[in-house]
Amino acid sequence: MMEMRYWLMKSEPSDVSIDDLASMPDQTVAWYGVRNYQARNFMRDQMRVGDRVFFYHSTCEEPGIAGIAEVSKLAYPDATQFEPENKYFDPKATPENPRWFNVDVRLIKKTRLVGIKELRGYPELANMRILQKGNRLSITPIDPAEWDFIMGIL
DNA sequence: GCCAACGTTGGC
DNA sequence: GCCAACGTTGGC
């Protein structure tokens, strides 16, 4: 059996919020627009169908975990890189040689908003990547112990 | 709006 | 391969 992995994925609710996700067909969204190699590599190389995801609201009034989701489709080329009018267009990418990839993410459930301030208050979560000073990575792995702890406080 | 931190770019 | 300049992220 394949090892289960856990992730935290940031989304700006003004772009795609947890409620937006809930209203989408199949409650699923393509995680388009990632233009950071480390985050891309997590999606392309490590994510598997069924991996669990904390859906995180960033750059908003109440940053924090807003729900639980799962990876529902393995990584495939991000369509927006080929669309000249799209803000995520990448002139160096071609369909033959795509540069950016995304998985699909499906909602499991909306949760209460667990704010970053609350997260910072738990010693058990002190090593979480998103709580480290200066962290900007939009996709980060979550330790199983951290996942379980957060599930326990939802 | 501020600004620290970080990633990328490009001249050399 | 270095590194200064620049752009972006994201909490506050």
Side-chain angles (χ1 to χ4, degrees), chain A residues 5-24 28-47 51-71 75-143 145-154:
Chain A
R5 289 194 172 100
Y6 304 98
W7 307 94
L8 182 144
M9 300 175 80
K10 296 180 190 174
S11 180
E12 299 189 12
S14 61
D15 185 6
V16 179
S17 72
I18 194 77
D19 291 328
D20 293 333
L21 178 59
S23 70
M24 285 180 183
T28 297
V29 68
W31 209 266
Y32 61 83
V34 169
R35 295 295 180 267
N36 169 282
Y37 290 105
Q38 211 177 338
R40 178 204 67 181
N41 292 348
F42 282 141
M43 285 197 284
R44 189 191 60 185
D45 304 335
Q46 295 195 30
M47 285 191 183
D51 280 5
R52 293 302 197 246
V53 174
F54 284 134
F55 189 104
Y56 182 93
H57 282 173
S58 70
T59 317
C60 58
E61 282 192 12
E62 271 194 295
I65 292 169
I68 301 165
E70 66 178 344
V71 175
Y76 57 96
D78 179 337
T80 62
Q81 70 192 305
F82 308 127
E83 301 168 358
E85 305 308 316
N86 196 291
K87 68 183 276 201
Y88 296 115
F89 176 64
D90 184 342
K92 294 178 182 167
T94 64
E96 295 74 30
N97 196 11
R99 181 182 288 201
W100 306 109
F101 293 78
N102 63 251
V103 296
D104 284 355
V105 169
R106 179 190 296 136
L107 179 68
I108 292 179
K109 67 180 293 193
K110 182 180 177 179
T111 65
R112 75 178 179 90
L113 199 289
V114 184
I116 188 169
K117 197 172 166 187
E118 178 179 347
L119 293 172
R120 289 191 195 284
Y122 298 113
E124 294 88 342
L125 304 179
N127 291 327
M128 272 182 76
R129 186 85 179 254
I130 59 153
L131 302 182
Q132 307 309 308
K133 187 178 173 74
N135 169 74
R136 299 184 306 163
L137 197 55
S138 66
I139 298 176
T140 50
I142 297 288
D143 288 344
E146 292 168 344
W147 179 273
D148 290 343
F149 180 83
I150 293 169
M151 293 298 287
I153 61 169
L154 290 178

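Every chain is numbered from 1, with letters handed out A, B, ... down the list of sequences. Note that the structure is a prediction, hence the values are computed from the model and not measured.
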> Between A:Asp15 and A:Tyr32, does a side chain to side chain contact (heavy atoms under 4.5 Å, CB included) hold up when you go through it step by step?
CA-CA 11 Å; A:Asp15 185 6; A:Tyr32 61 83; 3.2 Å; yes

> From CZ of A:Arg136 over to P of C:dG10, roughly how many Å is that when rounded to an integer?
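In whole Å, C:dG10 P and A:Arg136 CZ are 8 Å from each other.
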
> In a check of ring pair (Phe, Tyr, Trp, His ring centres under 6.0 Å) between A:Phe54 and each of A:Trp147, A:Phe149, A:Tyr6, which one passes?
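Running ring pair (Phe, Tyr, Trp, His ring centres under 6.0 Å) over A:Trp147, A:Phe149, A:Tyr6 with A:Phe54 returns exactly one hit, A:Trp147.
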
> Quick one, which residues of residues 75-95 of chain A touch DNA chain B with a heavy atom under 4.0 Å?
none

> Hey, does A:Ile130 have a side-chain heavy atom less than 4.5 Å from the side chain of A:Leu119?
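A side-chain contact exists here, since the closest heavy-atom pair is under 4.5 Å.
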
> Is the CD atom of A:Glu62 crowded by more than 12 outside heavy atoms at less than 6.0 Å?
no

> Rounded to whole Å, how long is the line connecting atom CD of A:Glu118 with atom C1' of C:dC12?
18 Å

> A:Arg120 side chain N/O closer than 4.0 Å to the phosphate oxygens (OP1, OP2) of C:dC12?
yes

> Rounded to the nearest angstrom, tell me the gap between atom CD in A:Gln38 and atom C1' in C:dT8.
16 Å

> Is it true that A:Trp100 and A:Tyr76 have ring centroids separated by less than 6.0 Å?
no

> Would you say A:Arg99 and A:Tyr37 are linked by a side-chain donor-acceptor pair, where the criterion is simply a distance under 3.5 Å?
yes

> Any heavy-atom pair between the side chains of A:Lys10 and A:Thr59 that's under 4.5 Å?
no

> Choosing from C:dG10, B:dT8, C:dG11, which nucleotide comes nearest the side chain of A:Tyr37?
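Per side-chain heavy atoms of A:Tyr37, the pick is B:dT8.
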
> Take atom CG of A:Leu131 and atom C1' of C:dC12, then tell me their distance rounded to the nearest Å.
15 Å

> Tell me: CG of A:Asn36 to C1' of B:dG7, nearest whole Å?
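So the CG-C1' distance, A:Asn36 to B:dG7, works out to 7 Å.
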
> Quickly work out the A:Gln132 CD to B:dC6 C1' distance and round it to whole Å.
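Rounded to whole Å, this separation is 15 Å.
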
> So does A:Lys133 get a side-chain nitrogen or oxygen closer than 4.0 Å to the phosphate oxygens (OP1/OP2) of B:dA4?
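False: A:Lys133 side-chain N/O out of range (4.0 Å or more) of B:dA4 OP1/OP2.
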
> Give the rounded distance in Å between these two atoms: CD1 of A:Ile130 and P of C:dG11.
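One finds 8 Å between P of C:dG11 and CD1 of A:Ile130, rounded.
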
> Are OP1 or OP2 of C:dT9 and a side-chain N or O of A:Lys10 less than 4.0 angstrom apart?
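Answer is no, no contact under 4.0 Å.
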
> Side chains of A:Arg52 and A:Ile142: does their closest heavy-atom pair fall under 4.5 Å?
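No, every pair of side-chain atoms sits at 4.5 Å or beyond.
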
> Is the gap between the ring centers of A:Phe55 and A:Trp31 under 6.0 Å?
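Ring centroids of A:Phe55 and A:Trp31 are less than 6.0 Å from each other.
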
> How many whole angstroms separate atom CG of A:Asn135 from atom C1' of C:dT9?
10 Å

> Kindly state which residues belonging to residues 55-63 of chain A come within less than 4.0 angstrom of DNA chain C, counting heavy atoms of the residue only, listed by number.
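Hits under 4.0 Å, by residue number: A:Tyr56, A:Ser58, A:Thr59, A:Pro63.
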
